[in-house]
Amino acid sequence: GHAHHVVFLYHYRCVLPDRLVRHTQPEETRVRRWQRDGVTSMIVLINPNSTAAMTEAAAETARTVVPGRLVEGWTSTEGPAAIQGEEDGAAAVPPMLRLIPQAEAAGAKAILIACADDTGLPESRAVAQGPVLGIGQAAYASAHLLGHPWAVVTTLAVSVPILEANVQAGGYGAHCLRVAASGIAV
């Protein structure tokens with residue numbers, strides 16, 4: 001039979017060992033360098049929680065995936081410190097939505113919501129002029145392309161119903177074996 005593949009959606013701070021984190025120039029210097037070099041497409045990664053270290057870890061990872069593009073990490077400073085469940089997600093959406101027009105005014109050609117729960121993704125798409133993607137959505141699509149059944153592992157049980165609904169809404173329900181919680185908080 002076919003081997004089962006598992007897609008792990010867990011906090012990105014846990015997947016970036018110190019040896020992989022590049023310490024870059026200050027944002028302002030990096031933006032000026034990109035502008036000078038003629039880069040015209042910018043992706044703004046928005047972390048809906050207020051933890052800047054999570055934003056930078058996610059942005060660093062995104063920069064390695066899309067070399068040649070300017071990836072700016074923006075932190076929703078008015079959001080909760082972590083998003084673990086429906087209550088945190090609901091609190092994170094309004095301040096995150098205020099960042100969408102600001103990101104587009106700054107030159108974002110695409111926006112990436114850096115939360116495995118895809119917090120506020122539909123609302124962000126309704127506000128944005130350009131494409132908005134979620135990292136959960138991207139993980140499901142990538143797992144689906146493997147052609148094998150897959151599963152999602154998250155932090156706490158409170159996130160399981162949200163992720164299950166996202167899997168179903170994306171049309172991946174028949175391919176996702178299970179959404180399970182590790183029981184380890186962010």
Side-chain angles (χ1 to χ4, degrees), residues 5-16 43-62 65 71-100 102-103 108 110-128 130-146 149-186:
H5 296 273
V6 178
V7 172
F8 290 95
L9 286 180
Y10 52 94
H11 204 273
Y12 30 80
R13 139 179 105 166
C14 299
V15 299
L16 270 181
I43 299 168
V44 171
L45 175 146
I46 298 177
N47 177 6
N49 75 48
S50 62
T51 305
M54 292 182 197
T55 305
E56 188 52 33
E60 284 295 323
T61 300
V65 175
V71 176
E72 289 296 311
W74 290 23
T75 301
S76 181
T77 58
E78 297 174 32
I83 298 174
Q84 299 181 117
E86 191 174 334
E87 187 176 315
D88 290 336
V93 172
M96 181 185 71
L97 290 179
R98 289 191 288 275
L99 295 176
I100 302 291
Q102 293 174 34
I111 295 172
L112 180 63
I113 305 300
C115 180
D117 291 1
D118 288 339
T119 299
L121 185 58
E123 297 90 338
S124 297
R125 287 182 173 152
V127 171
V132 180
L133 305 170
I135 63 172
Q137 170 194 47
Y140 308 147
S142 296
H144 179 72
L145 291 173
L146 295 173
W150 45 272
V152 178
V153 178
T154 188
T155 54
L156 301 177
V158 70
S159 295
V160 169
I162 297 163
L163 296 172
E164 287 175 335
N166 291 349
V167 167
Q168 290 298 326
Y172 302 112
H175 306 283
C176 180
L177 297 171
R178 179 176 178 203
V179 177
S182 68
I184 301 169
V186 173

Asker: Within the distance-only criterion (no hydrogens, no angle test), does the side chain of Thr155 pair as donor or acceptor with the backbone N or O of Ala185 below 3.5 angstrom?
Answerer: no
Asker: Between CD1 of Ile46 and CD1 of Ile113, what distance do you get to the nearest 0.5 Å?
Answerer: 5.0 Å
Asker: Looking only at heavy atoms, which two atoms of Val44 and Ala108 are closest? And how far apart?
Answerer: CG2-CB, 3.5 Å
Asker: Roughly how far, to the nearest 0.5 Å, is CG of Leu121 from CG of Leu112?
Answerer: 9.5 Å
Asker: Could you check if a side-chain atom of Thr51 sits within less than 4.5 angstrom of a side-chain atom of Thr75, using non-hydrogen atoms only?
Answerer: no
Asker: Has Ser182 got a side-chain atom pairing as donor or acceptor with Thr154's backbone, closer than 3.5 angstrom?
Answerer: yes
Asker: For the atom pair CD (Gln168) and OH (Tyr140), what is the distance rounded to the nearest 0.5 Å?
Answerer: 10.5 Å
Asker: Between Cys115 and Asn49, is a side chain to side chain contact (heavy atoms under 4.5 Å, CB included) present by the stated rule, with each step listed?
Answerer: CA-CA 8 Å; Cys115 180; Asn49 75 48; over 6 Å; no
Asker: Run the salt bridge (Lys or Arg N to Asp or Glu O under 4.0 Å) test against Arg125 and tell me which residues pass, sequence neighbours left out.
Answerer: none
Asker: How long is the straight-line distance from CG of Leu97 back to OG of Ser124, given to the nearest 0.5 Å?
Answerer: 5.0 Å
Asker: Would you confirm whether Asp118, through its side chain, and Ile135, through its main-chain N or O, come within 3.5 Å as a donor-acceptor pair?
Answerer: yes
Asker: Which donor-acceptor pairs under 3.5 Å do the side chains of residues 82-92 make with protein atoms, sequence neighbours left out?
Answerer:
residue: Gln84; atom: OE1; partner: Val186; partner atom: N; Å: 2.8
residue: Asp88; atom: OD2; partner: Gln84; partner atom: N; Å: 2.9

Asker: Kindly give the heavy-atom pair with the smallest separation between Ala59 and Val71, and that separation in Å.
Answerer: O-CG1, 4.2 Å
Asker: Would you please name every residue forming a side chain to side chain donor-acceptor pair (under 3.5 Å) with Glu123, sequence neighbours left out?
Answerer: none
Asker: Under 3.5 Å, which donor-acceptor pairs do the side chains of residues 156-166 form with other protein atoms, sequence neighbours left out?
Answerer:
residue: Asn166; atom: ND2; partner: Asp117; partner atom: O; Å: 2.8

Asker: Using the side chain to side chain donor-acceptor pair (under 3.5 Å) criterion, which residues pair with Arg178? Sequence neighbours excluded.
Answerer: none
Asker: Restricting to ring-ring contact (aromatic ring centres under 6.0 Å, His included), what partner residues turn up for His175, sequence neighbours left out?
Answerer: His144
Asker: If you take all heavy atoms of Ser76 and Pro48, which pair is closest and at what distance?
Answerer: CB-O, 3.7 Å
Asker: Kindly say whether Ala52 contributes a backbone atom to a donor-acceptor pair with the side chain of Glu56 at under 3.5 angstrom?
Answerer: no
